[in-house]
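In listed order, ligands and their atoms are each counted from 1. Numbering of residues begins at 1 and proceeds along the displayed sequence.
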Amino acid sequence: MDVAEFRRRGREMVDYVADYLENLEQRPVYPDVEPGYLRSLIPTEAPLEPETYEDIMKDVERVVMPGAASPACTELETVMLDWLGKMLQLPECFIAGTQGHGGGVIQSTASEATLMSLLAARCKAIRWVLASNPEKSEAEILSKLVAYTSDQAHSSVERAGLIGGVMMRKVPTDNSYAVTGDILKKMVEEDKAAGLIPFYFCATLGTTPSCAFDHITELGPICNKENMWMHIDAAYAGSAFICPEFRHLLNGVEFADSFNFNAHKWLLINFDCSAMWVKKRSDIIGAFKMEPLYLKHENQESGLVTDYRHWQIPLGRRFRSLKMWFVFRMYGLKGLQAHIRKQVGLAKEFESLVRADKRFEICAEVIMGLVCFRLKGSNELNQTLLKRITKSREIHLVPCQLSGRFVLRFAICSRSTESHHIQQAWRHITQLTFELLQEPAH
Ligand code: PLP
């Protein structure tokens with residue numbers, strides 16, 4: 001959709017909402033549908049090819065309006081998470097379907113998804129220990145619980161540990177900044193010998209500093225054997241798994257208890273839309289269920305209705321699956337794959353420019369849309385270069401530290417980035433580099 005069409009559709013949407021308000025009195029107060037009504041009205045998978053905006057709007061009237069804000073809001077979310085799960089080729093156990101034990105939910109952010117998984121794992125672990133040691137107090141068990149994550153994990157994982165009141169140990173990474181099975185295994189064994197209770201591991205697929213991928217095919221079996229919850233945080237990289245050529249990076253997800261990525265980061269859906277799947281919905285619901293009288297409803301015990309309030313911290317929720325439905329249909333799976341491929345291609349273009357300039361080095365394998373690079377030389381030199389880049393206000397780079405070295409990160413983020421932007425950015429960086437290296441101190 002170009003800007004002109006966006007303007008036109010925006011105006012049409014205001015009219016649609018105004019018509020709705022004007023005719024509200026003619027609409028029923030209660031939705032006249034049975035639980036599960038929506039699934040049968042739409043396809044079981046996202047379309048491959050783009051569909052028209054008109055077709056989607058017709059379906060809003062046909063599919064959403066009979067179920068008003070709820071149950072349509074809940075049911076569309078479950079089906080959209082199934083669509084997305086199928087795009088990612090998630091194992092069947094994560095797909096809700098009509099009979100599944102797992103399923104997906106939209107959280108606001110990856111931080112929230114990690115926290116939810118940690119709290120659910122904590123609850124499960126406490127119950128499990130209590131079952132064989134009823135004399136122990138919850139506080140005593142809590143003080144022994146230990147969680148693990150990579151030393152490259154996002155700060156939100158450590159924060160989840162702080163909020164959840166559990167110990168979080170950082171697992172050292174290998175030369176490519178990934179956690180491998182042997183290191184985790186060793187730490188878990190040491191901790192068990194010291195009387196601690198390992199209960200949770202948060203793996204990262206696509207770390208924030210360098211987009212590294214933990215070896216989940218090795219880590220998953222260790223977690224399963226040790227009865228530890230494995231959560232996978234793929235906040236950024238997860239979107240790319242809709243492309244068959246990147247899907248292998250998700251191999252091992254079958255061992256995970258929960259998996260999350262931010263569809264709002266790289267899948268063209270506006271903020272906020274953090275997609276999270278759990279293998280066993282009972283694990284997450286069991287941890288947070290509250291049933292006050294004012295929230296009871298007649299379908300509660302039927303098993304036909306998903307109450308997402310048990311899957312998240314807030315009670316109220318927005319109708320965020322509408323955004324998914326529109327985007328998936330407007331682009332089609334092929335359109336979304338083309339978007340990812342284009343951005344990875346642009347990152348590769350930037351990588352080639354860096355590699356062709358002997359003054360620079362690439363600091364981590366370029367797999368997706370992130371290029372970690374630096375000037376060969378001191379950290380101070382690179383810090384000065386970044387300061388000048390920032391001061392000139394043409395491009396925005398965020399640094400990281402890799403193996404003690406100050407590294408610049410070039411990330412392709414915007415939907416509208418084109419090759420000429422990459423070339424322009426590189427010209428700018430090399431111009432500033434030229435000026436910097438001309439100075440006597442360097
Ligand atoms: N995890 C990873 C790997 C990230 O890269 C980020 C953000 O960049 C986060 C978690 C935090 O994401 P959010 O802002 O959705 O909480």
Any idea which atoms of ligand 1 are less than 4.0 Å away from a heavy-atom of S156?
-> 10 (C)
Option with minimal heavy-atom separation from atom 11 (C) of ligand 1, where the choices are Q107, R159, H154 | H154
Around atom CD of Q99, are there more than 12 heavy atoms of other residues, nucleotides or ligands at under 6.0 Å?
-> no
Validate the cation-pi geometry between R329 and W325: distance from NZ or CZ to the six-membered ring centre under 6.0 Å, angle to the ring axis within 45°.
-> yes
Any donor-acceptor N/O pair, S352 side chain to K348 backbone, under 3.5 Å = yes
Hey, is T207 one of the residues with a heavy atom under 4.0 angstrom from ligand 1?
-> no
Number the atoms of ligand 1 from 1 as they appear, then name those within less than 4.0 Å of a heavy atom of N262, with their elements.
-> 12 (O), 13 (P), 15 (O)
E418 and K342 ion-paired at < 4.0 Å = yes
Mark up the atoms of ligand 1 that fall under 4.0 Å of a heavy atom belonging to T208, in ascending order.
-> 2 (C), 3 (C), 4 (C), 5 (O)
Exactly one candidate in L381, T384, L408 meets side chain to side chain contact (heavy atoms under 4.5 Å, CB included) with L375; the answer is L381
Does the pair K186/E189 count as a salt bridge with the N-to-O cut at 4.0 Å?
-> no
What part of T109, side chain, backbone, both or neither, has a heavy atom within less than 4.0 angstrom of ligand 1?
-> both
Examine F350 together with W426 and report whether their ring centres are nearer than 6.0 Å.
-> yes
Give yes if a backbone or side-chain nitrogen or oxygen of A110 is under 3.5 Å from a nitrogen or oxygen of ligand 1, and no if not.
-> yes
Closest approach of any protein heavy atom to atom 16 (O) of ligand 1, naming residue and atom | S111 OG, 2.4 Å
Subset of ligand 1 atoms that lie under 4.0 Å from at least one heavy atom of K265 = 6 (C), 7 (C), 8 (O), 12 (O)
May I ask you to identify the nearest protein heavy atom to atom 1 (N) of ligand 1, giving residue, atom name and distance to one decimal place in Å?
-> D233 OD2, 2.6 Å
Using a strict cut-off of 4.0 Å, indicate which atoms of ligand 1 neighbour a heavy atom of G206.
-> 3 (C)
Is the distance between the ring centroids of F261 and F241 under 6.0 Å?
-> no
